[in-house]
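Every chain is numbered from 1 and lettered A, B, ... according to where its sequence line falls, protein lines coming before strand lines.
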Protein chains: 2
Amino acid sequence: MVTLAEVAQHAGVSASTVSYVLSGKRSISTTTRLRVEESIKELGYHPNAGARALASSRSNIIALMVPLRTDMYVPVMMEIAIAVATTARTHGYDVLLLTGEEGPDAVRRVTGSGLADAMILMDVELDDERLPLLRGGGTLGRAGSRPGDDQPSVLIGLPADTTGLTCVDLDFRATGALCVEHLALLGHRDIAVIGEAPAVYERHTGFAERTLDGLRSRARELGIRLLHRPCEGGYAAMAATLARVLDERPGTTGFVVQNESAVEPLLALLRQQGRAVPEDVSVVAICPEQVAVQASVRLTSVAIPAQEMGRSAVEQLMAKLDGRDLDDVVLIAPELTVRASTGPAPAGAPA
Amino acid sequence: MVTLAEVAQHAGVSASTVSYVLSGKRSISTTTRLRVEESIKELGYHPNAGARALASSRSNIIALMVPLRTDMYVPVMMEIAIAVATTARTHGYDVLLLTGEEGPDAVRRVTGSGLADAMILMDVELDDERLPLLRGGGTLGRAGSRPGDDQPSVLIGLPADTTGLTCVDLDFRATGALCVEHLALLGHRDIAVIGEAPAVYERHTGFAERTLDGLRSRARELGIRLLHRPCEGGYAAMAATLARVLDERPGTTGFVVQNESAVEPLLALLRQQGRAVPEDVSVVAICPEQVAVQASVRLTSVAIPAQEMGRSAVEQLMAKLDGRDLDDVVLIAPELTVRASTGPAPAGAPA
DNA sequence: TTGAAAGCGCTAACAC
DNA sequence: GTGTTAGCGCTTTCAA
């Protein structure tokens, strides 16, 4: 392994000079810099991560905590994770992958050991047990604080109480509202919401409840009848749910689907029952773009902006690490793209 | 931040004693150990990762390189990644998430900086540009080698030349053979293979080609007619592919599907054309269990054992780090589960 | 613009 | 069974 000292010797300068060439923290004459850079390349030098972390108290690593359960929105999580990793790299950071398994202990372990300088948490629950450890984080340098007291962090998702936390999320409330508006504008008066699996609501994951909130309050304002049913993914569960919905509200002409693995089953079932999309019923999905365009009917949808969520979370974190001030909560505005699955409510529909 | 020295002082012992209590590398009297452990808990001590890495030349981190493109088998990749992370933790290792983006440079960076002790590569191509850097890795301690010369590594996937490499993968050749056998045994003589997207073959990802190999050679042995068509995911692409297949081989009664996002579209299209599954045509999928059981017809399938692949890759790596000898190539035997999508070939089918 | 040198917190000889 | 101590490779004052 090549060390900084070896580079220094090779270039005929002192160790500190090499260090400063690398960090750019003090000015170096061009000739010296060139010589050093030449030596670095020639010797194939890479600074030792451990030594650097020890001397500088910064690991240049951010921890990303992903949920353990792989039952939900998996492609989205993956896309976020990759966006986090690539964005982090552009800032000179690497990403440590933590699973939710260890729970709060992982937070303590990473914080305590200085393994990571900061962390990003995905799939935060409304009342998450990891939150107390993170509140007020990101105040490095505040009077009386010692380095390491603190773990700057950003949440992807929105807990019930965001005091002292920085959060990034799609504005699911607005998303719900947007879906209702779109259908209402097309004349639909009876809307059914095919929600996430019951477990998601029981777990009190924020996004599902917020979406419902948005859907309900906008529906109330617009005088729309709304029926919400949680639904497991898959064909069988969707069939049962659909039957119940149509039994209870036969006049339903609009669907909002939030469980991506229920989308295709729903379309298949409607087709099977002779209900044409969008002539007889309209369907709006809340799902990744890819799912919307690959479905058997190109779906009108509100996209889940996974990339942007990941990228934005990292930007927030970098700002914190730089001591910059920033928003506590970044809500990404939803965008509804009209495709082939929604159209005017059928003429004969009950007003 | 609490240091080892503070713990030592608190417990009234020397620093090395504390260190040895932690590592267990020499025997400690019970009373001393108890006192030290008490102090550690009381002070909330966590060893500093950087200092540890510097002093011991081991970071206790393994790097996991995931493909950048999120277009393929995403849930599987995620499941593998999570299995890797959780298994690694049981061995005291953390996982660093690298995207394929940086390519070979990432390998050099991680190797050179001592950021990770070892690495796992996913989605390896038949002739991967990162391989030359890894061949012969894992020989730490061999005469003449200096620490850091080497990057012990394990691949998930199988390149063309496995010399000097350790690989873990599902035995896709056997998988292909198994699918053909199953259908042949049911009397099917004309089988169509709905493969991965053309890009996957162009990229020469090993698994797709190996599956095809297995399918073809077993078909030849059994006198089965086989037609292979690559296929993008989604409904539209599947429709076009299916039309071409049935045009070219109208007598087709068996399908093997390897692109999971083509499965549901295929089932929908067959239904739409009045071909009953499994009465008229049989379908075997190569996909995760979840996809197989959630499909509109419960699918006879060969599962992709994502968890086991991740776990196994880590076990191999741990063995290498311990200097143990091991297999170069671990092929996981495929298992075919019969569900509701396959049955005897229809009586009228051409022999 | 550059160099010298004091640590950062831990591990692992070496001593007893 | 335990203590002493010399580094690990780097960053960052302090001095010139």
Side-chain angles (χ1 to χ4, degrees), chain A residues 1-37 39-40 43-61 92 109 111-115 117 146-148, chain B residues 1-37 39-40 43-61 92 109 111-115 117 141 146-149:
Chain A
M1 199 205 31
V2 186
T3 70
L4 188 153
E6 294 177 282
V7 174
Q9 185 164 26
H10 181 106
V13 298
S14 75
S16 59
T17 298
V18 177
S19 177
Y20 284 118
V21 166
L22 254 34
S23 69
K25 285 188 180 168
R26 81 180 182 193
S27 49
I28 305 279
S29 72
T30 314
T31 44
T32 309
R33 196 209 340 285
L34 259 41
R35 264 220 318 292
V36 171
E37 283 168 349
S39 298
I40 288 177
L43 300 179
Y45 169 71
H46 286 271
N48 180 285
R52 204 167 232 199
L54 177 56
S56 66
S57 310
R58 296 170 95 306
S59 63
N60 274 267
I61 288 177
R109 188 169 63 82
T111 307
S113 66
L115 233 187
D117 298 330
R146 294 189 303 166
Chain B
M1 198 204 33
V2 186
T3 71
L4 188 154
E6 294 177 282
V7 174
Q9 187 164 27
H10 182 107
V13 297
S14 75
S16 60
T17 298
V18 177
S19 176
Y20 285 120
V21 166
L22 254 35
S23 70
K25 286 187 180 169
R26 82 179 183 193
S27 49
I28 306 278
S29 72
T30 315
T31 43
T32 309
R33 193 203 350 279
L34 259 40
R35 263 222 317 294
V36 170
E37 283 167 350
S39 298
I40 288 177
L43 300 179
Y45 169 72
H46 286 271
N48 179 285
R52 204 167 232 196
L54 177 57
S56 65
S57 313
R58 298 171 90 312
S59 63
N60 274 266
I61 288 178
R109 188 169 63 82
T111 307
S113 67
L115 232 186
D117 297 330
R146 294 188 302 166
D149 279 12

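Residues A:Ile28 and B:Tyr20 both approach DNA chain C. Their nearest nucleotides, taken by heavy-atom distance, put A:Ile28 toward the 5′ side.
Taking every heavy atom of both residues into account, A:Tyr45 and A:Leu4 meet most closely at CE1-N, 3.4 Å. The shortest non-hydrogen separation linking A:Asn60 to A:Gly92 is OD1-O, 3.3 Å. Closest non-hydrogen pair, B:Glu6 versus B:Leu43, comes out as O-CD1, 4.0 Å.
A:Ser23 comes within 4.0 angstrom of no nucleic acid atom, judged by non-hydrogen atoms across all strands.
At least one side-chain nitrogen or oxygen of A:Thr32 sits closer than 4.0 Å to the OP1 or OP2 atom of C:dT2. The phosphate of D:dT11 (OP1 or OP2) has no side-chain N or O of A:Lys25 nearer than 4.0 angstrom.
Considering B:Val18, B:Val21, B:Val7 as possible partners of B:Val13, the one that fulfils the side chain to side chain contact (heavy atoms under 4.5 Å, CB included) test is B:Val18.
Among residues two or more places apart in sequence or in another chain, the side-chain contact (heavy atoms from CB on, under 4.5 Å) test is passed with B:Arg109 by A:Arg89, A:Asp94, B:Leu98, B:Glu102, B:Leu115.
Between the P atom of D:dC10 and the CD atom of A:Glu6 lies a distance of 9 Å, rounded to the nearest Å. A:Leu54 places its CG atom 8 Å from the C1' atom of D:dC10, with the value rounded to the nearest Å. If you measure from atom CD of A:Gln9 to atom P of C:dA4, you get 12 Å, rounded to the nearest angstrom. Rounded to a whole Å, the CG atom of B:Leu4 is 16 Å from the P atom of D:dT5. Note: CG (B:Leu43) to P (C:dG9) measures 15 Å, nearest angstrom. Per the geometry, CZ belonging to B:Arg58 stands 12 Å off P belonging to C:dT11, to the nearest Å. What separates CG of A:Leu22 from P of D:dG9 is a distance of 16 Å, to the nearest Å. Atom CZ in A:Arg35 sits about 14 Å away from atom C1' in C:dG3, given to the nearest Å.
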Distance-only donor-acceptor hits, side chain of residues 28-35 of chain B, under 3.5 Å, sequence neighbours excluded:
unit_1, atom_1, unit_2, atom_2, d
B:Ser29, OG, B:Thr31, OG1, 3.3
B:Ser29, OG, B:Thr32, N, 3.3
B:Ser29, OG, B:Thr32, OG1, 2.6
B:Arg35, NE, B:Ala11, O, 2.9
B:Arg35, NH2, B:Ala11, O, 3.3

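Between the base of C:dT2 and the side chain of A:Arg26 there is a donor-acceptor pair shorter than 3.5 Å. Not a single donor-acceptor contact under 3.5 angstrom links the side-chain atoms of B:Arg52 to the base of D:dG9.
Less than 4.0 Å separates DNA chain D from at least one heavy atom of each of the following residues of residues 10-17 of chain A: A:Ser16.
In this structure, B:Gln9 places its CD atom where only 12 or fewer heavy-atom neighbours from other residues, nucleotides or ligands lie under 6.0 Å away.
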